[in-house]
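Naming convention: chains lettered A, B, ... in sequence-line order (proteins, then strands); numbering from 1 in each chain. Just so you know, these numbers come straight off a predicted model, no measurement behind them.
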Amino acid sequence: MTELRELRYEPKAIEPKWQRVWEEERTWEASNEDDGRPKHYVLEMLPYPSGEPHMGHLKNYALGDAVAHFSRRIGRRVLHPMGYDAFGLPAENNAIKTGEHPREATAKSIASFQRQFREWGISIDWSREFGTHEPRYYRWTQWLFLQLQERGLAYKREGAVNWCPNDQTVLANEQVVDGRCERCGFEVEQRQLEQWYFRITDYADRLLEDLDEIQWPEHVKTMQRNWIGRSEGAQVAFHNPDLGIDYPVFTTRPDTLFGATFFVMSPEHPDVLRLAAGTEHEQAVRDYVRHAQTESAEERGAADKAKTGVPLGRSVVNPVNGESIPMWVADYVLMEYGTGAIMAVPGHDERDHEFATVHGLPIKRVIAGPEGEDELPYSGDGTIVDSHPDFDGLPNREALSAIVAWLDREGKGHRSINYRLRDWLVSRQRYWGCPIPVVYCDACGMEPVPTDQLPVELPDVSDYKPRGRSPLAAAEEWVATTCPRCGGPARRETDTMDTFVDSSWYFLRYCDANNDAAAWDRDVLNRWMPVDQYIGGVEHAILHLLYARFFTKAFADMELLDFQEPFQALFTQGMITRDGAKMSKSKGNVISPATYVDRYGADTARCYILFIGPPDQDADWSDEGVEGVHRFLARLWRLGVEVGVGPADSPATGAALSDADGALARKAHWAIDKVTADVSGRFAFNTAISAVMELVNECYRHREQASPEVQRFAVATAASLIFPFAPHTASEVYELVTGGRVWEQPWPRADPAMLTTDTFELVAQVNGKVRDRLTAPTDATKDQLEQLARTAPNVVAHVDGKEVVKVIVVPGKLVNLVVR
RNA sequence: GCGGCGGUGGCGGAAUGGUAGACGCGGCGGCCUCAAAAGCCGCUGGGCGCAAGCCCGUGUGGGUUCGAGUCCCACCCGCCGUACCA
């Protein structure tokens with residue numbers, strides 16, 4: 001017999017062995033046929049294949065795989081697919097630098113992801129794999145685009161857009177962070193361009209309301225609510241007699257209308273120059289507007305910036321009292337929000353107050369606050385004063401609705417709801433994306449490409465460099481086409497789609513990934529959707545998650561599917577940091593999963609990343625911690641070798657057991673109970689793994705005394721429980737002790753009789769302080785427990801000479817004697 | 001400013017209002033070995049004490065309670081998100 005201590009746990013031998021079995025037997029492929037088991041769709045966010053997978057991917061897929069495995073073993077039919085978000089700028093920027101076709105770079109990266117996902121042993125249904133850059137996928141992206149266009153949900157219009165001068169393309173609002181391009185960090189400019197949009201604003205209310213229906217982290221819901229930014233108020237028209245134009249403003253405080261002392265327009269407001277023309281302020285206004293344009297979004301957006309602005313030399317009439325108030329232009333008014341113009345109420349708005357103070361404008365109080373609150377601006381509630389006989393004296397909240405009703409009757413305004421959410425700008429002047437399937441004909445105008453001519457394939461080009469228009473524009477042979485309506489010459493749209501379009505429906509395609517006749521079959525889709533558990537990073541809280549919800553609702557309206565929300569439950573994972581900092585090339589603290597998988601095996605890397613802490617929190621990677629988890633798996637494996645194959649059933653309920661057998665069997669059942677609760681009730685994988693560690697420690701403790709059968713049961717149970725986290729080692733150990741396949745076994749069940757013991761440790765307290773610990777029978781009465789505690793030597797010492805005024809007995813736990 | 005999350009040993013972290021610090025790392029000691037590595041076993045919050053044991057201890061200060069890391073109030077600090085949104 002081989003000396004045990006010479007036995008080495010060799011993941012390099014174990015892991016490929018099981019990967020081969022799963023691959024050859026296609027173990028993780030899911031059938032679209034309903035077999036009576038409840039379905040469970042487990043999905044991790046689509047990876048963007050650039051270079052190699054990083055630690056974030058390892059965490060994401062280790063988490064998802066644990067959920068998928070656990071779900072299968074508790075009897076669900078599980079869909080756990082994989083694909084690649086393969087269009088995008090990194091591959092294209094690489095092409096500009098090196099000339100390598102983005103398709104080549106992407107293919108290499110995908111191959112690396114595929115290889116590593118296999119090496120990690122993630123239980124993926126590979127039969128459904130695709131990349132969003134493959135024509136067989138983007139054909140349907142284009143088809144869906146046309147469906148949206150047919151219903152007016154995709155449209156083209158001219159307007160002010162965000163332009164990234166580095167990436168040479170427009171960006172959606174969601175992709176501009178602090179005035180900078182979310183991708184490259186360059187300052188974004190405003191340009192006036194004709195672009196494609198999706199009408200996501202039509203869905204603002206539904207996107208907001210349905211958040212109540214889904215199990216998502218509250219902070220993600222909050223971020224979406226804030227992004228949608230619904231606010232209730234009124235639209236009120238202020239008339240300018242010079243041009244004879246009504247300028248509507250949006251306000252959430254119509255109750256302060258009588259306090260408006262001036263009127264402010266955004267520098268981007270199209271009428272600003274027209275209004276100033278011919279006044280003494282014309283030149284000053286021109287200068288101010290020009291300056292505002294050159295100022296970066298960042299400078300302009302700084303909250304502590306002084307309130308600048310110039311008068312327009314015109315005035316408008318406040319419709320509620322006929323007062324003429326001066327018009328100004330100031331950059332604290334944003335064109336993007338509301339109507340691009342505001343009524344300024346310096347008495348009750350901080351910003352307006354600041355502006356009025358700087359520019360010497362009148363400040364009027366129209367709401368009286370409680371006693372002592374006589375500072376202006378006052379933004380709290382109070383009583384209407386100096387406004388109108390009908391409203392003076394009313395509480396302002398009451399006056400608010402009364403004033404809106406009155407405006408409505410008088411035709412001067414109406415109730416209005418305003419949103420921060422803008423339509424989603426989807427066209428991009430870049431190459432490596434999904435072509436927008438429309439053509440332009442001189443005779444017929446814009447024409448959608450007929451669906452039987454899809455896909456519009458992305459042509460090869462020789463020059464990827466963006467020049468303010470898509471590189472596709474240079475592919476003349478491709479651009480020149482015929483009009484589908486009149487057959488005459490036509491030109492193709494050369495913009496491509498935002499890659500977020502690709503990833504807004506991929507989870508649908510997985511359900512019916514190989515369907516050549518349609519994007520999906522509605523019945524097949526209904527058998528899997530919605531995704532039961534979605535897992536990914538919070539960085540997608542707004543962008544991807546909002547877009548995907550919008551698509552789902554739009555498709556539901558088109559009767560392409562029958563549910564309103566794509567992701568029933570969402571789990572957002574924390575970041576993996578290194579030395580307390582985010583990993584980045586510039587910091588030089590990047591570590592790659594491959595290093596650890598190579599050194600310790602995939603099971604160690606996966607278990608460690610789950611063991612490190614609660615998965616929704618950030619966690620710092622520690623090399624020493626990895627060693628510990630590796631030791632644990634090696635200890636488990638060694639137990640398997642030592643105990644060998646044979647019967648491994650749980651001791652029968654009520655069987656007479658030796659002390660060692662009893663302790664070990666109970667620990668095994670305790671671990672089953674604990675792991676099951678930790679995994680199913682919450683994502684407490686860290687404590688689940690520590691419970692299996694405890695079981696393994698208990699196995700070592702009873703190695704000499706416990707019977708082979710009970711030891712085998714304990715080891716098999718440990719293997720079975722660790723399987724969702726360390727599938728290879730678990731499979732190996734389970735085979736060593738039972739000869740069977742762990743993934744084919746149902747999830748173990750704890751025997752309730754084995755979860756209780758005859759005695760427990762009774763804590764004896766005096767005045768809430770622990771004074772003794774005693775062994776007490778589990779079935780003892782409260783009185784018996786009290787007597788036991790009262791006689792404990794150290795309790796007696798603390799009670800001595802005092803009066804027991806109260807006794808608290810918590811059966812199974814403690815006795816507390818309150819003395820005086 | 002606003003919103004959210006968090007603050008527990010040397011470190012990562014664990015604790016349905018009921019034994020604070022499970023599990024892991026690190027450290028210390030022992031066994032094995034010619035020796036080391038690996039492995040196995042034990043100890044490991046701080047202070048006082050020969051010991052039994054006692055005192056202190058979950059960011060700070062109050063409160064509720066027989067009992068508070070946990071609940072309430074007021075603060076401090078850190079991280080994330082968001083910010084002239086009318």
Visitor: Which part of the nucleic acid does A/Phe632 contact within heavy-atom distance under 4.0 Å: base, sugar-phosphate only, or nothing?
Guide: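 The residue A/Phe632 makes no contact with any strand.
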
Visitor: Looking at A/Arg422 and A/Glu336, does any basic side-chain N land under 4.0 Å from a carboxylate oxygen?
Guide: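 So A/Arg422 does not pair with A/Glu336 through a salt bridge.
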
Visitor: Taking only the side-chain nitrogens and oxygens of A/Arg701, find out if one of them lies under 4.0 Å from OP1 or OP2 of B/C41.
Guide: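 Indeed not, no polar side-chain atom of A/Arg701 lies that close.
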
Visitor: Do any side-chain nitrogens or oxygens of A/Thr687 fall under 4.0 Å of OP1 or OP2 in B/A22?
Guide: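 Looking at the OP1 and OP2 atoms of B/A22, neither is under 4.0 Å from any side-chain N or O of A/Thr687.
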
Visitor: Which part of the nucleic acid does A/Asn686 contact within heavy-atom distance under 4.0 Å: base, sugar-phosphate only, or nothing?
Guide: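 The answer is sugar-phosphate, as A/Asn686 gets under 4.0 Å only of primed atoms, P, OP1 or OP2.
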
Visitor: Go through B/G18, B/U19, B/A86 for me and flag the one nearest to the A/Val763 side chain.
Guide: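 Between B/G18, B/U19, B/A86, the one nearest the side chain of A/Val763 would be B/U19.
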
Visitor: Whole angstrom is fine here: how far is it from CZ in A/Phe611 over to P in B/A22?
Guide: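 Result: 12 Å.
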
Visitor: Answer with yes or no whether A/Glu761 presents, from its side chain, a donor or acceptor under 3.5 Å of a partner atom in the base of B/U19.
Guide: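 A donor-acceptor contact between them is present.
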
Visitor: Determine the contact category for A/Gln765: base if any of its heavy atoms lies under 4.0 Å from a base atom, sugar-phosphate if only primed atoms, P, OP1 or OP2 are that close, otherwise nothing.
Guide: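 If one applies the 4.0 Å heavy-atom cut-off, A/Gln765 turns out to touch a base.
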
Visitor: What is the distance, to the nearest angstrom, from the CG atom on A/Leu334 to the C1' atom on B/A83?
Guide: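 Rounded to the whole Å, the gap is 11 Å.
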
Visitor: Of the nucleotides B/C23, B/C25, B/C40, which one has an atom closest to the side chain of A/Arg703?
Guide: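 Between B/C23, B/C25, B/C40, the one nearest the side chain of A/Arg703 would be B/C40.
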
Visitor: Would you say the side-chain atoms of A/Thr729 and A/Asp603 include a donor-acceptor pair closer than 3.5 Å?
Guide: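 A donor-acceptor contact under 3.5 Å links the two side chains.
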
Visitor: Nearest-Å distance, CZ (A/Phe725) to P (B/C23)?
Guide: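 So the CZ-P distance, A/Phe725 to B/C23, works out to 18 Å.
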
Visitor: Identify the nucleotide, in any strand shown, that forms a Watson-Crick or G-U wobble pair with B/G29, with both distances under 3.5 Å; if there is none, say none.
Guide: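 The base-pairing partner of B/G29, which may sit in any strand shown, is B/C41.
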
Visitor: Using atom P of each nucleotide, how far apart are B/C79 and B/G42 to the nearest Å?
Guide: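 Looking at atom P only, B/C79 and B/G42 are 42 Å apart.
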
Visitor: Nearest-nucleotide wise, let me know which of A/Lys813 and A/Asn418 is further upstream toward the 5' end of RNA chain B.
Guide: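 Final value for this comparison: A/Lys813.
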
Visitor: Indicate yes or no: does A/Lys813 engage A/Glu761 in a salt bridge with an N to O separation below 4.0 Å.
Guide: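 Salt bridge: no.
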
Visitor: Please find the pair of heavy atoms, one from A/Gly259 and one from A/Pro346, that lie closest to each other, and give the distance.
Guide: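 The pair with the smallest heavy-atom distance is O-CD, 4.0 Å.
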
Visitor: According to the Watson-Crick and G-U wobble definitions, with both distances under 3.5 Å, which nucleotide is paired to B/A20?
Guide: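 Pair assignment: B/A20 / none.
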
Visitor: Using atom NZ of A/Lys769 as one end and atom P of B/G53 as the other, report the distance to the nearest whole Å.
Guide: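 Rounded to whole Å, this separation is 16 Å.
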
Visitor: Taking the same atom, P, in B/A68 and in B/G59, what whole-Å distance lies between them?
Guide: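 The same atom, P, in both gives a distance of 15 Å.
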
Visitor: Mind checking the C1' distance from B/A38 to B/G47? Whole angstroms is fine.
Guide: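 Looking at atom C1' only, B/A38 and B/G47 are 38 Å apart.
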
Visitor: So A/Leu814, base contact, sugar-phosphate only, or nothing? Heavy-atom distance under 4.0 Å.
Guide: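 Here A/Leu814 touches the bases of the nucleic acid.
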
Visitor: Answer yes when A/Asp623 and A/Arg578 have at least one side-chain N-carboxylate O distance shorter than 4.0 Å, and no when they do not.
Guide: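 Judged by the 4.0 Å cut-off on N to carboxylate O distance, A/Asp623 and A/Arg578 do form a salt bridge.
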
Visitor: Do any side-chain atoms of residues 678-687 of chain A form donor-acceptor pairs under 3.5 angstrom with protein atoms, and if so which ones, sequence neighbours left out?
Guide:
{"unit_1": "A/Asp678", "atom_1": "OD1", "unit_2": "A/Arg682", "atom_2": "NH2", "d": "3.2"}
{"unit_1": "A/Asp678", "atom_1": "OD2", "unit_2": "A/Lys674", "atom_2": "NZ", "d": "3.3"}
{"unit_1": "A/Asp678", "atom_1": "OD2", "unit_2": "A/Thr687", "atom_2": "OG1", "d": "2.7"}
{"unit_1": "A/Asp678", "atom_1": "OD2", "unit_2": "A/Ala688", "atom_2": "N", "d": "3.4"}
{"unit_1": "A/Ser680", "atom_1": "OG", "unit_2": "A/Thr676", "atom_2": "O", "d": "2.5"}
{"unit_1": "A/Thr687", "atom_1": "OG1", "unit_2": "A/Ala684", "atom_2": "O", "d": "3.1"}

Visitor: Name the nucleic acid region contacted by A/Asp349, choosing base, sugar-phosphate or nothing; use a 4.0 angstrom heavy-atom cut-off, strictly under.
Guide: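 No contact at all - A/Asp349 keeps every heavy atom at 4.0 Å or more from the nucleic acid.
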
Visitor: Between B/G13 and B/A22, how far is it from one P atom to the other, in whole Å?
Guide: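 It comes out at 15 Å once rounded to the nearest Å.
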
Visitor: Quick one: A/His630 NE2 to B/G26 P, roughly how many Å, whole number?
Guide: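 Interatomic distance, NE2 of A/His630 to P of B/G26: 14 Å.
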
Visitor: So what does A/Ser622 hit on the nucleic acid, given a heavy-atom distance under 4.0 Å: a base, only sugar-phosphate, or nothing?
Guide: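 The residue A/Ser622 makes no contact with any strand.
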
Visitor: Whole Å only: how far is the CG atom of A/Asp616 from the P atom of B/G6?
Guide: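 Taking atom P of B/G6 as the reference, CG of A/Asp616 is at 8 Å.
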
Visitor: Nearest of B/G67, B/G3, B/G24 to any side-chain atom of A/Asn816?
Guide: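 Nearest to the side chain of A/Asn816 among the choices is B/G67.
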
Visitor: For the atom pair CG (A/Asn816) and CD (A/Glu786), what is the distance rounded to the nearest 0.5 Å?
Guide: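 The CD atom of A/Glu786 is 11.0 Å from CG of A/Asn816, to the nearest 0.5 Å.
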
Visitor: Classify A/Asp352 by what it touches in the nucleic acid, base, sugar-phosphate, or nothing, heavy-atom distance under 4.0 Å.
Guide: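 Nothing: the residue A/Asp352, judged by heavy atoms under 4.0 Å, touches no strand.
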
Visitor: Heavy atoms from C-beta onward define the side chain here; which of B/C23, B/C84, B/C41 lies closest to that of A/Tyr700?
Guide: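 So the side chain of A/Tyr700 is nearest to B/C41.
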
Visitor: Expressed as a whole number of Å, how far does the C1' atom of B/C11 sit from that of B/C50?
Guide: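 Roughly 34 Å separates the two C1' atoms.
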
Visitor: Could A/Arg635 and A/Tyr700 be counted as a cation-pi pair, given that NZ or CZ must be under 6.0 Å from the ring centre and within 45° of the axis?
Guide: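 So A/Arg635 does make the cation-pi contact.
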
Visitor: Could you tell me the separation between the CZ atom of A/Arg230 and the C1' atom of B/A86, rounded to a whole number of Å?
Guide: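 Whole-Å distance recorded here is 17 Å.
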
Visitor: Does B/U60 have a Watson-Crick or wobble mate here (both distances under 3.5 Å), and if so which one?
Guide: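 When the pairing criteria are applied, B/A74 turns out to be the nucleotide that pairs with B/U60.
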
Visitor: So, for A/Val819 and A/Asn767, which heavy atoms are closest and what is the spacing to 0.1 Å?
Guide: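 Shortest heavy-atom separation between A/Val819 and A/Asn767 comes out as N-OD1, 2.9 Å.
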
Visitor: Specify the residues of residues 789-808 of chain A, ordered by number, for which at least one heavy atom lies under 4.0 angstrom from an atom of RNA chain B.
Guide: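 Heavy-atom cutoff 4.0 Å gives A/Asn794, A/His798, A/Lys806, A/Ile808.
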
Visitor: Side-chain N or O of A/Arg635 less than 4.0 angstrom from OP1 or OP2 on B/A38?
Guide: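 For A/Arg635, the contact criterion (side-chain N or O under 4.0 Å from OP1 or OP2 of B/A38) is not met.
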
Visitor: Could you measure between the two P atoms, the one in B/G46 and the one in B/G67, and give it in whole Å?
Guide: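 Straight-line distance between the two P atoms is 28 Å.
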
Visitor: Can you see whether A/Tyr596 has A/Arg599 sitting over its ring - NZ or CZ less than 6.0 Å from the centre and within 45° of the normal?
Guide: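 Verdict for A/Tyr596: a cation-pi partner in A/Arg599.
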
Visitor: Take atom P in B/G39 and the same atom in B/G49, then report the distance between them in whole Å.
Guide: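 The answer is 38 Å between these two P atoms.
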
Visitor: In whole angstrom, what separates A/Met223's CE from B/A83's P?
Guide: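 From A/Met223 CE to B/A83 P: 10 Å.
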
Visitor: Does A/Arg771 reach a base, just sugar-phosphate, or nothing at all? Heavy atoms under 4.0 Å.
Guide: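 Since only primed, P, OP1 and OP2 atoms lie under 4.0 Å of A/Arg771, the category is sugar-phosphate.
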
Visitor: I want to verify a distance call: between B/G39, B/U19, B/G13, whose nearest atom is closest to the A/Val770 side chain?
Guide: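 So the side chain of A/Val770 is nearest to B/U19.
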
Visitor: Where each residue is assigned the nucleotide of RNA chain B containing its nearest heavy atom, which of A/Ser690 and A/Arg631 is assigned the position nearer the 5′ end?
Guide: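 Taking each residue's closest nucleotide, the earlier one in sequence belongs to A/Ser690.
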
Visitor: Once you apply a heavy-atom cut-off of 4.0 Å, does A/Arg578 come out as touching a base, just sugar-phosphate, or nothing?
Guide: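 Nothing, no nucleic acid heavy atom in range.
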
